[in-house]
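Just below is one structure, and these are the notes that go with it.
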Amino acid sequence: MNSLAAQSEPQPAFPIPAGVFAERVTAVRHFTDTLFSFRITRPQSFRFRTGEFVMIGLPNAEKPVFRAYSIASPSWDEELEFFSIKVPNGPLTEHLQKIAVGDTVLMRKKSTGTLVLDALIPGKRLFLFSTGTGIAPFAGVVRDPETYEKFDQVILTQTCRSQAELRYGRDLVEEARSDELMSEFIGDKLLFHTSATREGETRGHRITTLIENGQLFEALQIPPLDPATDRAMICGSMAMLKDTEKLLDARGFEEGANNKPGTYVVERAFVD
Ligand code: A2P
């Protein structure tokens, strides 16, 4: 029996470095040539706040390459989910995109980050602005009951180049809304807006454009941004963060941090 078990669970070729968890891949899903998601087992002792990120690596070298990944799971999840791009010749993603169920993924033991509810002062509406894989931390936030305890309305936006790239977010919201447990706390509080900027009717509809010309609020039939009632989290490319921050600053929002909560918080979507 022992030898059979050993055969079906191949050991990593390199020793596991100190200070990291070695976890098993439980699911992998490919969306496009450039996007995939995966889930790993959750170490019993691992605690994190919804919206935080961890360092992820593979046991494929003496000194593995680690990259920051937002945890796409809410803090109650029994497993840990991640949403990743595939970078051709990317030091980690080139290999990570080939993982299969049963493989080992390394994870450093400490999580951190600013896209957490604690870094925002109380408010009524929570805007979650994302582009590309920037939706990952918000996949945790929109599945966390605490989000709906703290806010009356949660507005998630995702902008990608193509419709196919919006699949992860669409499935996430659909599953969350129809899940027996989650639908109880989500109710009708969660709004979701998507646009594909290089395809079809939404061509050119960057989130920044839609905020500026008001189309975002018209489409969702909600009042425009107001720092008195609204809080925001932003996650995307550097350029997207800069442009969205500018819009929020101009409307009287102030950036917050863990040690100084504010009306919005920001984090770069990491792997590039
Ligand atoms: P666009 O197609 O107009 O460049 P990327 O794949 O380059 O990270 O882009 C992901 C999404 O983010 C795309 O829809 C892209 O729109 C959009 N985007 C890129 N830069 C910005 C920006 N500065 N502000 C808002 N959206 C942006």
Side-chain angles (χ1 to χ4, degrees), residues 29-38 51 53 56 67-70 72 82-94 96-97 113-115 126-142 155-173 191-220 222 224-225 230-253 255 263-272:
R29 189 173 166 204
H30 293 270
F31 295 90
T32 66
D33 289 351
T34 57
L35 290 174
F36 72 112
S37 68
F38 60 96
F53 65 87
I56 291 284
R67 289 286 182 267
Y69 271 86
S70 287
F82 301 93
F83 182 44
S84 178
I85 50 171
K86 309 174 189 178
V87 186
N89 305 316
L92 176 62
T93 66
E94 186 199 350
L96 194 63
Q97 64 181 279
T114 51
L115 300 180
L126 176 64
F127 284 83
L128 305 168
F129 296 118
S130 73
T131 55
T133 54
I135 196 173
F138 304 149
V141 175
V142 299
I155 302 105
L156 171 65
T157 80
Q158 190 188 20
T159 317
C160 292
R161 296 180 182 201
S162 69
Q163 291 288 339
E165 291 171 325
L166 294 164
R167 181 84 268 147
Y168 173 82
R170 289 197 168 129
D171 288 355
L172 163 93
V173 170
L191 303 181
F192 185 39
H193 184 279
T194 57
S195 51
T197 47
R198 303 201 184 180
E199 225 177 72
E201 283 174 11
T202 58
R203 186 181 291 273
H205 289 196
R206 283 186 171 187
I207 192 62
T208 41
T209 310
L210 299 179
I211 293 172
E212 269 189 308
N213 66 18
Q215 278 184 27
L216 173 68
F217 314 104
E218 272 168 42
L220 297 173
I222 56 172
L225 281 169
D230 301 339
R231 306 294 168 253
M233 295 184 176
I234 320 172
C235 192
S237 64
M238 284 309 282
M240 179 271 193
L241 297 186
K242 238 175 82 194
D243 291 350
T244 314
E245 278 185 64
K246 237 187 259 169
L247 290 178
L248 292 183
D249 291 342
R251 283 159 180 75
F253 286 78
E255 186 173 355
T263 47
Y264 77 90
V265 282
V266 170
E267 204 131 74
R268 192 165 75 86
F270 300 98
V271 179
D272 49 17

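Numbering of ligands and ligand atoms starts at 1, following listing order. Basis for what follows: all heavy atoms, side chains included, without hydrogens, waters or symmetry-related copies.
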Quick one: which of R206, M238, R161 has a heavy atom closest to atom 6 (O) of ligand 1?
R161
If you take the nearest heavy atom of each of E165, Q158, R198, which one is closest to atom 4 (O) of ligand 1?
R198
Among all protein non-hydrogen atoms, which one is nearest to atom 8 (O) of ligand 1, and what is the separation to 0.1 Å?
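Heavy-atom neighbour on the protein nearest atom 8 (O) of ligand 1: S237 CB, 4.4 Å.
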Protein contact of atom 15 (C) of ligand 1 - nearest heavy atom, named by residue and atom, plus distance:
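Ranking protein heavy atoms by distance from atom 15 (C) of ligand 1, first comes T197 OG1, 3.8 Å.
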Given the rule in the side chain to side chain contact (heavy atoms under 4.5 Å, CB included) test, do Q163 and R170 qualify, once you have shown the distances and angles that lead to the verdict?
CA-CA 10 Å; Q163 291 288 339; R170 289 197 168 129; 2.8 Å; yes
Taking all heavy atoms of Q97 and all of V87, pick out the closest pair and write down the distance.
NE2-O, 4.2 Å
Is the shortest side-chain N to carboxylate O distance from R251 to D230 below 4.0 Å?
no
Please could you name the atoms of ligand 1 that T159 approaches to less than 4.0 Å, counting only its heavy atoms?
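With T159 as reference, the close atoms of ligand 1 come out as 11 (C), 14 (O).
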Just say parallel, tilted or perpendicular for the rings of H30 and F36, cut-offs at 30° and 60°.
parallel
How are the rings of Y168 and F83 set to each other: parallel, tilted or perpendicular (split at 30° and 60°)?
parallel
Contact partition for A196 relative to ligand 1, non-hydrogen atoms under 4.0 Å:
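Contact part for A196 vs ligand 1: neither.
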Does D243 approach ligand 1 within less than 4.0 angstrom via side chain, backbone, both or neither, non-hydrogen atoms only?
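D243 to ligand 1: side-chain contact only, backbone stays beyond 4.0 Å.
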Is the shortest N/O to N/O distance between A239 and ligand 1 below 3.5 Å?
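Between A239 and ligand 1, an N or O pair is found under 3.5 Å apart.
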Quick one: does G132 get an N or O within less than 3.5 Å of an N or O on ligand 1?
no
